[in-house]
Amino acid sequence: MPTVRFQAGDTVMGRWPGSNLYYEVKVLSFDAKTLLYTVIYKDGTELELRDADIKSLAGFKQGLARSRSRSRSRSPARTRRSRSRSPARTSRRSSSRTTEVRKEKLKEVLEVRLTPVAIPLENNSSNKHETKEENDAANKVNEKTEEESENQVGGRYNLRRRKDQSDGRPVELVKKMEEILPHAIPQETRKTTELEFGGRIGVVFWLLFLPVVVLAMLILCAQTDASLLNFSLSPPLLEPLWDWQVFGIVVLWLLFQAVLSLLPIGKVVEGMPLKNGKTLKYRINGFSALIISALAVGGAVYYEVDLSYVHAHFLQFYTSALLLSILLSIYLFIRSRCASEDERAPAGNTGHVVYDFFMGRELNPRIKSFDIKFFCEMRPGLIGWLVINFAMLLAEMKHKNLDTPSPAMLLVNGFQLLWVADGLWHEEKLLTMMDIVHDGFGFMLAFGDLAWVPFTFTCQAYYLVSHTSDLSVFWIVAIIIMNVVGYYIFRQANSQKFAFRRNPSDPALSYLKTIPTATGKNLIVSGLWGFVRHPNYLGDLIMALAWSLSCGFSHVIPYFYLIYLVVLLVHRDARDEHQCRKKYGSAWEEYCKVVRYRILPGIY
Ligand SMILES: NC(=O)C1=CN([C@@H]2O[C@H](COP(=O)(O)OP(=O)(O)OC[C@H]3O[C@@H](n4cnc5c(N)ncnc54)[C@H](OP(=O)(O)O)[C@@H]3O)[C@@H](O)[C@H]2O)C=CC1
Ligand SMILES: CC(C)=CCC[C@@H](C)[C@H]1CC=C2C3=C(CC[C@@]21C)[C@@]1(C)CC[C@H](O)C(C)(C)[C@@H]1CC3
């Protein structure tokens with residue numbers, strides 16, 4: 001006769017299937033045949049658990065206290081050893097696992113992420129968890145149960161439907177799963193209801209407004225008096241909007257970059273798991289493409305190709321890029337009709353043609369191994385931006401009869417070269433960003449990558465060709481310091497988060513304080529991520545300010561990029577906060593309480 005340790009109505013701690021996380025649950029019944037307890041979580045999810053996966057509240061507290069005291073006396077070397085043993089803690093990318101193993105892993109991740117909205121572990125609910133020791137203690141609790149969890153195989157747990165539902169699925173669970181891993185839910189259960197960018201009317205506005213804004217900005221920038229009051233569409237400016245030769249150059253540039261991206265140099269890495277559990281492979285050779293492009297441009301200058309041609313035909317370059325981005329978007333929209341459910345982006349499949357055209361229906365459109373979105377995001381526009389900057393530098397010298405470029409032009413070129421080179425050096429990290437993982441590839445990104453980036457991000461260099469910015473040595477030094485500080489914050493924050501997400505137990509990151517979340521992931525609450533909730537955005541904005549300040553205060557045009565970035569990052573932050581609140585629930589609230597400001601300390 002089995003011992004029944006718990007009675008119906010008892011509140012106990014139940015382990016969440018597939019994880020080492022324990023939540024407060026209520027015992028509903030015990031089945032003497034299967035030896036399973038039916039328990040209910042706070043959000044109403046019912047599960048059947050083994051006796052070994054249930055602890056009494058008192059026993060759990062004692063175990064926690066014991067593991068805390070053990071963790072204090074444990075040597076760091078031992079901690080490191082035991083941490084690295086856990087398969088869940090090894091880097092996903094660094095390991096060379098087979099697809100089967102990866103699928104298993106994904107299944108496991110899904111299970112862990114299906115965590116209900118529950119009061120997290122006791123050590124998680126108090127403010128004390130902000131200390132490293134507490135955090136370590138939580139790790140020890142998890143370590144203690146690792147062997148047990150290794151013994152758990154499928155069939156031990158049984159997800160049962162709630163009695164009041166007829167579709168056979170626990171509603172809360174499906175809802176939660178949708179929020180955490182939207183790709184994991186079959187399409188018919190998930191309809192995109194939240195329209196972004198002002199919905200169907202909004203995207204019509206953006207479709208027309210964005211191309212016109214760039215055109216207006218370029219026209220304004222070319223005028224000697226670039227003040228808004230002086231804006232005029234005089235014939236000489238609008239006359240040459242199209243040039244076939246320029247169009248040919250833009251097409252050649254795209255082909256050149258495409259060839260570089262296909263060169264068998266650089267490592268091949270796997271992207272994030274897709275809806276179907278598979279991963280796509282990406283060749284990472286962006287930095288090499290930058291070097292080869294620089295050599296090609298250097299060679300062209302050496303053979304006396306006049307790069308100031310780019311400045312003289314800047315409007316035509318823009319219209320060519322605009323046309324190509326429109327053609328690309330149409331191609332993407334048409335081909336997405338053949339894309340399977342698995343290959344579609346949630347946000348761009350609403351059924352509204354214009355909205356879906358703008359947002360993008362297909363997630364990772366590919367021609368064989370050539371990933372069009374990844375290519376467009378990182379290559380032609382970004383590297384093109386640097387080439388345009390350099391062409392503007394030469395144009396400035398030519399137009400102003402200078403032997404050397406102005407200090408302002410040098411600063412702008414240098415700063416932006418650093419930013420782009422940094423992005424290409426860390427190209428692999430883009431694979432985890434929402435643009436690649438979540439957003440479809442439609443007009444917004446196609447236009448953004450091919451037209452917006454190269455023709456608005458270059459506004460400072462373009463402006464400086466026909467305007468002067470006299471900078472004192474003091475200003476130059478101050479601006480350089482500002483850019484260095486911004487870059488440090490931007491890089492540190494991004495690298496720290498990336499490294500932490502890849503391997504949370506990395507000893508090099510053990511100084512970080514974290515908040516555990518119900519999904520099994522932790523949130524960093526110290527260092528830069530404890531300063532504001534988006535330190536990487538802050539760093540980016542400080543750099544953007546340094547770039548604008550290099551052009552003085554005479555006109556608003558050099559501040560165009562800064563204004564864009566503020567709008568984009570504030571919107572992106574709101575989008576991200578919304579997602580994180582849904583994903584992490586009370587842990588995110590906790591994080592927001594500890595780290596009060598989003599981007600600008602004391603202000604926002
Ligand atoms: N110049 C430009 O045009 C643009 C530049 N950028 C730059 O790109 C970079 C990346 O930006 P973006 O992808 O938007 O956002 P982030 O790199 O900031 O990623 C946000 C995600 O980070 C995770 N996260 C948030 N807080 C924490 C925390 N405390 N601890 C651990 N993880 C946390 C969450 O994901 P999870 O928990 O699921 O891992 C969250 O969804 C930024 O530097 C930005 O400035 C971005 C857009 C445009
Ligand atoms: C108005 C409009 C059409 C906006 C489109 C926005 C896109 C241009 C940007 C959205 C996020 C971007 C990022 C980069 C380039 C611009 C876009 C695509 C980025 C790849 C540049 C290189 C950086 O190092 C980065 C990787 C941080 C960055 C990521 C976001």
Side-chain angles (χ1 to χ4, degrees), residues 203-257 305-333 354 357-358 376 380-396 398-399 442-467 555-558 560-561 564:
V203 298
V204 174
F205 167 77
W206 291 116
L207 266 170
L208 302 172
F209 179 72
L210 291 173
V212 174
V213 162
V214 183
L215 190 65
M217 209 267 301
L218 295 181
I219 292 173
L220 193 59
C221 214
Q223 293 176 358
T224 335
D225 179 0
S227 79
L228 286 174
L229 294 175
N230 202 34
F231 183 82
S232 84
L233 292 175
S234 50
L237 289 170
L238 275 187
E239 197 183 291
L241 271 184
W242 187 256
D243 186 314
W244 282 105
Q245 187 179 332
V246 170
F247 181 73
I249 295 174
V250 178
V251 172
L252 276 180
W253 175 253
L254 287 173
L255 289 177
F256 175 57
Q257 289 303 324
V305 174
D306 184 10
L307 276 195
S308 66
Y309 176 87
V310 176
H311 173 259
H313 297 82
F314 207 40
L315 272 187
Q316 290 106 320
F317 272 98
Y318 167 63
T319 47
S320 297
L322 174 63
L323 179 70
L324 284 168
S325 67
I326 294 171
L327 292 177
L328 176 63
S329 314
I330 294 171
Y331 162 73
L332 292 167
F333 191 74
V354 182
F357 173 79
F358 184 81
C376 288
L382 277 191
I383 302 179
W385 170 11
L386 295 183
V387 177
I388 292 171
N389 269 358
F390 183 57
M392 296 301 169
L393 181 148
L394 296 176
E396 185 202 41
K398 187 174 165 183
H399 285 258
F443 177 81
M444 184 180 70
L445 276 184
F447 169 78
D449 295 336
L450 301 183
W452 184 270
V453 169
F455 295 94
T456 64
F457 288 19
T458 46
C459 65
Q460 282 118 359
Y462 188 40
Y463 170 87
L464 286 172
V465 177
S466 39
H467 303 85
H555 299 293
V556 72
I557 288 292
F560 184 91
Y561 175 76
Y564 145 80

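Each residue takes its place number in the sequence, starting with 1. This one's a predicted model, so the numbers in the text were calculated from it and none came from an experiment.
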Participant: Rounded to the nearest 0.5 Å, how far apart are CG of L327 and CG of L322?
Facilitator: 9.5 Å
Participant: What do the steps show when you test M392 against F314 for side-chain contact (heavy atoms from CB on, under 4.5 Å), and what is the final call?
Facilitator: CA-CA 10 Å; M392 296 301 169; F314 207 40; 3.8 Å; yes
Participant: Does some side-chain heavy atom of Q245 sit less than 4.5 Å from a side-chain heavy atom of Q316?
Facilitator: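 No, their side chains stay 4.5 Å or more apart.
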Participant: Minimum heavy-atom separation for Q460 to P558, with atom names?
Facilitator: NE2-O, 2.8 Å
Participant: If I compare all heavy atoms of F455 with all of L218, which pair ends up nearest, and what's the gap?
Facilitator: O-CD2, 3.5 Å
Participant: Hey, are the side chains of I330 and F357 touching, using non-hydrogen atoms and a 4.5 Å cut-off?
Facilitator: yes
Participant: Using 30° and 60° as the class boundaries, would you call the ring planes of F457 and Y561 parallel, tilted or perpendicular?
Facilitator: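 Geometry flag for Y561 against F457: perpendicular rings.
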Participant: Please identify which of these residues, L323, V250, L215, L241, meets the side chain to side chain contact (heavy atoms under 4.5 Å, CB included) condition with Y318.
Facilitator: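 The side chain to side chain contact (heavy atoms under 4.5 Å, CB included) with Y318 is passed solely by L215 among L323, V250, L215, L241.
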Participant: What is the distance from atom CG of D243 to atom OG of S320, rounded to the nearest 0.5 Å?
Facilitator: 7.5 Å
Participant: How far apart are the closest heavy atoms of W206 and P211, and which atoms are they?
Facilitator: O-CD, 4.0 Å
Participant: Check the orientation of Y463 and H467. Use parallel for under 30°, tilted for 30 to 60°, and perpendicular for over 60°.
Facilitator: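 Correct class here is parallel.
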Participant: For the residue pair F317 and H313, is the inter-centroid distance of their aromatic rings smaller than 6.0 Å?
Facilitator: no
Participant: Please give me the minimum heavy-atom distance between A321 and L450, naming the atom from each residue.
Facilitator: CB-O, 3.5 Å
Participant: I need the Y462 OH to E396 CD distance, nearest 0.5 Å.
Facilitator: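 The OH atom of Y462 sits 14.0 Å away from the CD atom of E396.
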Participant: Report the relative orientation of the aromatic rings in F247 and W242; use parallel for angles under 30°, tilted for 30 to 60°, perpendicular for over 60°.
Facilitator: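 Correct class here is tilted.
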Participant: Would you check if the side chain of S325 reaches a backbone N or O of A446 as a donor-acceptor pair within less than 3.5 Å?
Facilitator: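 Looks like no, no N/O pair under 3.5 Å.
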Participant: Atom CG in L464, atom CD1 in I557: separation rounded to 0.5 Å?
Facilitator: 12.0 Å
Participant: Under 4.5 Å between any side-chain heavy atoms of V203 and M444, yes or no?
Facilitator: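 Counting from C-beta outward, V203 and M444 never come under 4.5 Å.
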Participant: Nearest 0.5 Å, what's the SG-NE2 distance between C459 and H555?
Facilitator: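 Spacing of SG (C459) from NE2 (H555) equals 13.0 Å.
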Participant: Ring pair (Phe, Tyr, Trp, His ring centres under 6.0 Å) for W452 and Y564? Distances and angles first, verdict last.
Facilitator: CA-CA 11 Å; W452 184 270; Y564 145 80; 5.5 Å; yes
Participant: Check each of V213, V214, L210 against T456 using the side chain to side chain contact (heavy atoms under 4.5 Å, CB included) test, and report the only one that passes.
Facilitator: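 It is V214; the other options fail the test.
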Participant: So does P380 get a backbone contact from the side chain of W253, meaning a donor-acceptor N/O pair under 3.5 Å?
Facilitator: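 Looks like yes, one N/O pair under 3.5 Å.
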Participant: Identify the heavy atoms of V246 and Y309 that sit nearest to each other, and give their distance.
Facilitator: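 Heavy atoms only, the tightest pair is CG2-OH, 3.5 Å.
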Participant: Where do I383 and Q257 come nearest, in terms of heavy atoms and distance?
Facilitator: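 Closest approach of I383 to Q257, heavy atoms only: CD1-OE1, 3.5 Å.
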Participant: Does the side chain of D449 reach to within under 4.5 Å of the side chain of P454, using non-hydrogen atoms?
Facilitator: no
Participant: What is the distance from atom CG of L393 to atom CD1 of I388, rounded to the nearest 0.5 Å?
Facilitator: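 Between atom CG of L393 and atom CD1 of I388 there are 13.5 Å.
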Participant: Apply the test side-chain contact (heavy atoms from CB on, under 4.5 Å) to residues S329 and F447: give CA-CA distance (whole Å), side-chain angles for both, the deciding distance (0.1 Å), then the verdict.
Facilitator: CA-CA 8 Å; S329 314; F447 169 78; 5.9 Å; no
